[in-house]
Amino acid sequence: NAGVMQNPRHLVRRRGQEARLRCSPMKGHSHVYWYRQLPEEGLKFMVYLQKENIIDESGMPKERFSAEFPKEGPSILRIQQVVRGDSAAYFCASSPGLATETQYFGPGTRLLVL
Amino acid sequence: QQQVKQSPQSLIVQKGGISIINCAYENTAFDYFPWYQQFPGKGPALLIAIRPDVSEKKEGRFTISFNKSAKQFSLHIMDSQPGDSATYFCAAPSRTSGSRLTFGEGTQLTVNP
């Protein structure tokens, strides 16, 4: 019974490169959430997706960031032209339904921008 | 926009003592308040959650107390153990949407042996 899977676990990019973070939700879960955690800070909501739909992207920066959850395959958080301020841990969570249902978190991807 | 204020920022207790972490929220779309536990280098894991039909929920050494009129809820860890040393986050649903959780800033708990 695999939990939420994220890869890569660690990602190093130089400024200006692209970062792609992948998230496979728990089996049977069709709702995916992405959060960002800066060092010594709490979790900040970025985006909420269901299969093939972005439901709420109010926490995601308007530029350089995008997310998708295709019909087949994992959810992808994409950061274009990364800057040092993008260095953080990015967590994906999944749930079987709305936020009334428990959100289960993956182990995170730690992005370091040099 | 929902805000969740969590205190204290850090907490040190002796083994066997009681750890208490408090959270205050603004308006929510509905009453569902989870607590997450996070160890260094790991993702947050659900510890315990409370829904609106009760004012207190207990699971083992962990208890959530919920005061709806004051818009506050708290986590009590009884008989704290060194293995409980972690960062704890409270969360609350957003005011307008059940699709997002707003997290507190976290409490770093250290339980000394």
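Proteins get letters first, then strands, A, B, ... in listed order; numbering begins at 1 in each.
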So do A:Tyr35 and B:Leu101 actually touch side chain to side chain, heavy atoms under 4.5 Å?
yes
Taking C-beta and beyond as the side chain, do A:Thr102 and B:Pro34 meet within less than 4.5 Å on heavy atoms?
no
When you look at [atom1] of [X], are more than 12 heavy atoms from neighbouring residues, nucleotides or ligands closer to it than 6.0 Å?
X       : atom1 : answer
B:Lys5  : NZ    : no
B:Gln9  : CD    : no
A:Glu63 : CD    : no
A:Glu68 : CD    : yes
B:Arg61 : CZ    : yes

Applying a strict under-4.5 Å side-chain criterion to I, L, V, M, F, W and Y, I'd like to know whether A:Leu21 and A:Met60 cluster together.
yes
Please report the closest heavy-atom contact between A:Phe91 and B:Gln38, naming both atoms and the distance.
CZ-NE2, 3.4 Å
Could you walk me through whether A:Gln37 and B:Phe103 pass the side-chain contact (heavy atoms from CB on, under 4.5 Å) test, one step at a time?
CA-CA 11 Å; A:Gln37 186 176 38; B:Phe103 284 81; over 6 Å; no
Select, from A:Lys44, A:Arg9, A:Arg110, the one with the greatest count of heavy-atom pairs under 4.5 Å involving chain B.
A:Arg110
Greatest number of heavy atom pairs closer than 4.5 Å to chain B - which of A:Ala93, A:Ser58, A:Gly59, A:Cys92
A:Ser58
Nearest-0.5 Å distance, OH of residue A:Tyr104 to CG of residue B:Leu46:
7.0 Å
To the nearest 0.5 Å, what is the distance between CG (A:Leu43) and OG1 (B:Thr87)?
10.0 Å
